[in-house]
Amino acid sequence: MNTQTQTQIQSELPKTYNPKDVESKWYPKWKNGKYFKAKKGKLNKTFSIIMPPPNVTGKLHMGHALDNTLQDVLIRYKRMKGFETLWIPGVDHAGIATQAVVEKKIWDEQKKSKHQIGRKEFLKTIWEWKDAHQGLIIEQLEKLGISADWDYFVFTMDPIPNEAVRKVFVKWYQEGLIFQTDYIINWDPTIQSAISDAEVEHKEVKGAFHYIKYLLKDATSAAADVAVDHLIIATTRPETLLGDTAVAVNPDDERFKHLIGKKIIIPIVNREVPIIGDNHVDITLGTGCLKVTPGHDFNDFEIGKRHNLPIVNILNKDGTINDVALDYQGLNVIAARAKIIKELEEQGLYIKKEDCIHQVGHGQRSSSIVEPMVSKQWFVNVKKMAQESINAVNENEMRFFPKNWENTFFSWLREPKDWCISRQLWWGHQIPVFYCENENCNHIWASVDDLEKVQSDGCPKCKGKIHQDPDVLDTWFSSGLWALSTLGWPNEKAMKEKSFDKFFPTSTLVTGFDIIFFWVARMMMMTLNNTGQVPFRHTYIHAIVNDKHGRKMSKSLGNGIDPLELIEQYGTDAMRFTITAGSGYNRYLNLDPAQTEGYRNFINKLWNAFRFIHPFLKEERALDLELHSNNHDLNNFLTHHDRWILSALNSVADICNKAIDEYRFDDASLAIYSFVYDKFCSWYIELSKPILYGADVEEKRKRISILKYIFRKILALLHPMVPFITEELWENLKEEGEDLLIVQEYPESNKKLDFISDQNNMNKFIEIICSIRNLRQSVNVKPKDEVDIHIFIDNPELKNYLLQNASSLSDLAKVKALNCNLLSQKSTQNTPAKSISLATSDCEIYLPLSGLIDIEEYVGRLKKDLQKTEVEFGKLKMKLENKNFSENAPSEVVAEVKDKAQELEKKLNSLRSMIANL
RNA sequence: AGGGCCAUAGCUCAGUUGGUUAGAGCGCUACCUUGACAUGGUAGAGGUCGUAAGUUCGAAUCUUAUUGGCCCUACCA
C-alpha cells in the first residue's frame, strides 16, 4: 500500500468516534441474524438468566440500565466462552401501578370512574393500554444493547403465567396452605386494597401523645384520683377510641389490678367496655393503661383474640370514619382526630398533649398512611417453604454474591408471617376460587379451569349458578413463579418448546437488594415448593444507583439521571462501561456523568488506536500462534517488546475471566481499561511507530501481525462491556470468513505467553525513560529538544537490554547520544561535570547541562528523595534486625524485604555520592 | 429496641487470606498542538487510611470502645 492510499483511508475515519450510527447499525444485525438465540457452544453447557421484568407502566430508569447491562455482560461473556446461553426478557403487569395509571387516564379523558365503566370494559381498556406501552419498554431496553432472546418474551399475565398461577393456587388451596380469614391487614385507603407487610414502609412522622380520661362506670365525677373514678390513657391516635372495645392493664400492676373485671366508659361513643388484664401491657410505658382497638391495631387485634373482644370497624374503604359515630361520618382520620380532641376538651376529658416523633406505616406505591383494618382476605402459610429456602442456601444450592446478602434473606424467612395475597383490584390474576350462588349449597372451591369452563359446568355439587372471587392476586404471586413460567411451566407442550429441562434451574439472578424479600425469597419458596429445585444457582445483588453525592435519585430533588439522555450524550458503550466499572460488591453506585464522559474518552481512545493501525491491517494477518508450535521458535520470532505486551495481555485476560466469574465487573473493566491506556497505547503503539514507518519490511510485517493480534484480543475482552464499538472495529480486523465478534471466543490466559523476564526488563526500561523525562522537565528542556544522557548501570543484563533498545529509548525520551557504562566503571572522568542526575535502584542517570541551573532547587529534590529513601530503608533494616520478624515471618516475605533493602541501599549510595559530588 | 453496613487523596471509590514506598478515575498545577487521539500527551502536587486502646515481628486490613453517616426489621400506650 502506498502513502497516498494510506492517507485516503485515514481521512475516511473521523477523528472522534460517533456512537449513534454504529449503535443503530449493529443492534438489528445481531437481532435479525439470530445471534441472541441459544446455540450449542464448544462447552456443551448452558447458561440462562431470567430478566427481572420491568413494570409495563415504566420508563426505563438508571436502575434498569444497570440491572440489564450487567445481565448482558454475563450473557455475552458466557456466549463467547462457549455456553449455550439464553436470556429471557419480560414485562410485569404491576397490578396497582398500572391500574392507577389507566384509571387516571380514563378519568382525564371521559370523567368516568372505573365503576361507571364496569370491570369488563375497564380491563379491555387496560389491555389495550398495555399493548401500546409494552413496545416502548422493549425499545428502550434494546437501546442498551441487550442480547436477550426476544422470541422468549413473556408478559406476566400471558396464558402460561396465568396457568402457573392457577395451578399453584389450587394446589396450595387443596393442601390447606391457602386459606381465607378475617384478619387485621394493612389497608391502603388510596388504592383501596389490602397490601402485604413487605409493601409497607415505615417513615418517621411528627405526632403527639394525647392524654385522655376514661371514666369508670358509676364514677361520680371526673375530678377525683386516677384509679378511683377514672383512668388516663395516652395515645397517638385518639380517633381510634371510636373502636375501643376494652381497656387493658397489666395484671401485676399494683395501681390498677383491682380494677380488672370492672367496666369503663369510652368517651364520645359512651360505650361500656371491660377493663382486662393482659401481659402485653408494659407497666413502665405511658400511663400503664392501654386502650384496646382490635379493629385497627395489630397488637390490639391479638389482645382481642385472647379476650374474645368484639371488633368494631370505624373506617370506610377510603379511610374516612364510617357510621360508627354519625357526628364523625365521612371525616378523614386527621379531621376526626381534631374534632375528637375538641370534643374531649369540652367535656373536660382531655388532659394534655406531648409532641413526639413516631414511625407510621406508608403504602409503598401510594405513599399514603396505611390503616390497619380487619377484613376478609386470602393468605398463604409459607412457614414450611421458608425453611426449605433457608436450607437451600445453607446447602449452597443457591449462593449469594456478595455472600453477606444471605443474612438479609434469612432474616426475612426465619419467622415469616402469613402472606396476604388478595388485592381488591381489577388488574391482575383473578383468584381462582368459585362460589355457588345456590343458598342451599353454598359450595366454595378452587379450580384450575378458566372462568368460561367453570361457568358452563356450573357448581360441581348442585349445578347451580356460580361466580368467581372478585379479588386479584398480589403481583408478587405471579412474579414468584417467574423462573418457571418463563420456561413454559406448567404447560407440558410449552415446556418442551422452550427447552425447560435444558435451561432450568436458571444460572444467575441479577437484581437489587431492595427486592430480596419481595422477589428473591418468594421465587425461592415457590419454585422449591413446586419442583423441589432452586430457581437459580447464583443471585448477584448489584448496587442501587444514587446521584454523585450518594443521595437517592428523586423527582423532588431533581437529581435523577435519565439513562437515555446519558446514551444520547455519550453513547451506549460509555454508559455501559460506567456501570460495569462501578459494579462489584458495592451497595451503592454514586453515578457522576463526569465519569461517563471519561469513559466516552476511553471509547474514543480505542477508536483512535484503531485509526492508527487501520492503514496497515490489509497488509498482514494477525499473529497465529499455531504457526509457532514450539516456544523456542516463538521466542525467536518475537522481540522484547512483543513478549512484554503479550505477557501483559495474558495477565489481563486472566483477570477478566476470574473477575466476571465472580461478578467483579469493576475489576474486569478497569484491568482492560488500564491495559489499553497504560500499556498498549502509551508504550506498545509508541514503540511500534518507528517500525511501521521504517524500512525493514520483514520487521514491519511481524509488528503488524502482533498489533493485529493484540487488538483483536482487546476487542474480544471488551465486547461484553462495550458491544457496539468492538463489533464495529471487529469488522475491520476479522479475517476472511470469520463471524461477528459477538460469537467469537473470549480470550483466556495462555501459559505459553508468560514472559516474566521481559516484563521485568520492560518495567525497568519504562522507569528509566520516565526518569529521563523527569530530569528534562525539571530543567525545562523543550519536548522536541534532544539531549545527551549518561547512564551508569549496576546490572550487566539490564545494560545489555538498554543497548539493544537504545533507539526506542532515543525516540521516547528524545535522547541524542546515550552513554552507557556499568556502575563499577564510574569515575570522575566519565561522569559529566555539570549535570543533574537521578537514581533508581539499578542505575544513576545524568543529564549534562550547557546553561546555568538552579542548583538549590535541584539539590533540594535530591535531598528529598534521599530522606524518603533513608526512612524506608531504616524501616526495612529494623525489620530485618528484629529476630521475631526473621523467625516468624514466612521465608518469602523475609526474602522480599531483603531484596528491597538491598535495592534501596544501592539507591542510597548513588544519591549520597551525587550530592557529595555537587 | 434488635440486626447489618460504611468511614481511605478536594470529590467518587478500589484495596483479596494482616507482609515491599496505600491505588484508580475525575478535579488541580506546569509544560506541549509531536505524522492515532486536545474526547490528546508528558511531568507533578496531594491521603498514614474517623478517633482511642489492644492483639501481632508486622495493622487501612483482626479485637474492643467511641464518634459520625446510612440501611433493614420489630415496636412504642
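What you are looking at is a predicted structure, and each value in this text was computed from that prediction instead of being measured. We name chains A, B, ... by the order of the sequence lines, and we start the count at 1 in each one. We use all heavy atoms of the structure for the numbers below, so side chains are in, but hydrogens, waters and symmetry mates are not.
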Whole-Å gap separating C1' (U48(B)) and NZ (K875(A)): 9 Å
Assign the ring pair F612(A) / Y693(A) to parallel, tilted or perpendicular, where the plane angle (0 to 90°) is split at 30° and 60°. perpendicular
Using the C1' atom as the reference point in each nucleotide, state the distance between C76(B) and U16(B) in Å, no decimals. 44 Å
For T236(A), report the nucleic acid contact type (base, sugar-phosphate, nothing); a contact means any heavy atom under 4.0 Å. sugar-phosphate
When you measure from the side chain of E872(A), which nucleotide among A36(B), C71(B), U20(B) comes out closest? U20(B)
U48(B) pairs with, by Watson-Crick or G-U criteria that keep both distances under 3.5 Å: none
Taking any heavy-atom pair under 4.0 Å as a contact, classify V281(A): base, sugar-phosphate, or nothing. base
By the 4.0 Å heavy-atom rule, please label D592(A) as base, sugar-phosphate, or nothing. nothing
Indicate, with a heavy-atom threshold strictly under 4.0 Å, whether S411(A) touches base, sugar-phosphate, or nothing. nothing
If you compare every side-chain N and O of R611(A) against the phosphate oxygens of C37(B) (OP1, OP2), does one of them come in below 4.0 Å? yes
Show your reasoning for whether side chain to side chain contact (heavy atoms under 4.5 Å, CB included) applies to L241(A) and T235(A). CA-CA 9 Å; L241(A) 68 77; T235(A) 178; over 6 Å; no
Say we look at G27(B) and G44(B): how far apart would their C1' atoms be, to the nearest angstrom? 15 Å
Below 4.0 Å: OP1/OP2 of G41(B) and any side-chain N or O of K605(A): yes
Within the structure shown, what part of the strands sits under 4.0 Å from C770(A) by heavy-atom distance: base, sugar-phosphate, or nothing? sugar-phosphate
Among A77(B), G40(B), U21(B), find the nucleotide with the atom closest to the side chain of N601(A). G40(B)
Between C57(B), C71(B), U21(B), which nucleotide has the shortest distance from any of its atoms to the side chain of Y588(A)? C71(B)
Take atom C1' in U67(B) and the same atom in U29(B), then report the distance between them in whole Å. 36 Å
With rounding to the closest Å, how many angstrom separate the P atoms on U73(B) and U17(B)? 29 Å
Name the nucleic acid region contacted by R664(A), choosing base, sugar-phosphate or nothing; use a 4.0 angstrom heavy-atom cut-off, strictly under. sugar-phosphate
Donor-acceptor pair under 3.5 Å: do we get one between K15(A)'s side chain and the base of U39(B)? no
Tell which nucleotide pairs with G68(B), taking only Watson-Crick or G-U wobble pairs whose two distances are both under 3.5 angstrom. C6(B)
Salt bridge or not between E767(A) and K764(A)? Use side-chain N to carboxylate O under 4.0 Å. no
Integer angstrom distance from the C1' of G10(B) to that of G58(B): 32 Å
A24(B) and G15(B), which share atom name P, separated by this distance in whole Å: 15 Å
Taking atom types as modelled and ignoring hydrogens, do the side chains of Y684(A) and R703(A) form a donor-acceptor contact shorter than 3.5 angstrom? yes
Scan N882(A) against the nucleic acid and name what it touches under 4.0 Å (heavy atoms): base, sugar-phosphate only, or nothing. sugar-phosphate
Span that lies between the C1' atom of G23(B) and that of C75(B), in whole angstrom: 45 Å
Do I561(A) and V545(A) make a side-chain contact, defined as non-hydrogen atoms from C-beta onward lying under 4.5 Å apart? no
If G54(B) has a Watson-Crick or G-U wobble mate with both distances under 3.5 Å, name it; if not, just say none. C62(B)
Quick one: on RNA chain B, does P890(A) or L589(A) contact a more 5' nucleotide (nearest heavy atom)? L589(A)
Out of U39(B), C32(B), U20(B), whichever nucleotide has its closest atom nearest the side chain of P783(A): C32(B)
Mind checking L290(A) for me? I need base, sugar-phosphate or nothing, with any heavy atom below 4.0 Å counting as a touch. base
Pairing nucleotide - C37(B), Watson-Crick or G-U, each distance under 3.5 Å: none
Just to be sure I understand the rule, does N780(A) reach a base, reach only the sugar-phosphate, or reach nothing, if contact means heavy atoms closer than 4.0 Å? nothing
Give the nucleotide from the list C57(B), C72(B), C5(B) with an atom nearest to the side chain of F517(A). C72(B)
Any side-chain donor near an acceptor of the partner, T293(A) and D244(A), under 3.5 Å: yes
Taking only side-chain N and O atoms of Y599(A), does any of them lie within less than 4.0 angstrom of OP1 or OP2 on A24(B)? no
Have a look at K900(A) and say if it touches a base, only the backbone sugar-phosphate, or nothing, with a 4.0 Å heavy-atom cut-off. base
From the options A36(B), U20(B), A14(B), select the nucleotide whose nearest atom is closest to the side chain of Y693(A). A36(B)
Can you confirm whether or not the ring centre of Y599(A) sits under 6.0 Å from the ring centre of Y570(A)? no
Closest nucleotide among U39(B), C32(B), U34(B) to the R600(A) side chain: U39(B)
On the nucleotide A74(B), are OP1 or OP2 found under 4.0 Å from the side-chain N or O atoms that R414(A) carries? no
C1' atom, C49(B) versus A30(B): distance in rounded Å? 29 Å
Starting the side chain at C-beta, find the nucleotide from A36(B), G40(B), C57(B) nearest to N884(A). C57(B)
Parallel, tilted or perpendicular, judged at 30° and 60°: which one describes the rings of H210(A) and Y350(A)? tilted
Using Watson-Crick geometry (N1-N3 plus N6-O4 or O6-N4) or G-U wobble (N1-O2, O6-N3), each under 3.5 Å, U29(B) is paired with A43(B)
A side-chain contact here means heavy atoms from C-beta on lying under 4.5 Å apart; do I340(A) and I212(A) qualify? no
Answer with base, sugar-phosphate or nothing: what part of the nucleic acid does F577(A) contact at a heavy-atom distance below 4.0 Å? nothing
What nucleic acid atoms does D666(A) come within less than 4.0 Å of, heavy atoms only: base, sugar-phosphate, or nothing? nothing
Could you check which of C5(B), G19(B), G41(B) has an atom nearest any side-chain atom of F885(A)? G19(B)
D678(A) CG to G41(B) C1', straight-line distance once rounded to whole Å: 13 Å
Could you tell me whether the side chain of Q595(A) has a donor or acceptor atom within less than 3.5 Å of a complementary atom in the base of A24(B)? no
Taking the ring of W405(A) and the ring of F400(A), is the distance between their centroids below 6.0 Å? no
Do Q777(A) and U42(B) have a side chain to base donor-acceptor pair shorter than 3.5 Å? yes
Tell me what I613(A) touches on the nucleic acid: a base, only sugar-phosphate, or nothing, going by heavy atoms under 4.0 Å. nothing
Decide yes or no, distance alone: a donor-acceptor N/O pair under 3.5 angstrom between the base of U42(B) and the side-chain of R773(A). no
Once you apply a heavy-atom cut-off of 4.0 Å, does F209(A) come out as touching a base, just sugar-phosphate, or nothing? sugar-phosphate
Need to verify one output field. Residue with the more 5' nearest nucleotide on RNA chain B, N608(A) or N407(A)? N407(A)
Select one nucleotide: of G44(B), G40(B), C57(B), the one nearest the side-chain heavy atoms of N774(A). G44(B)
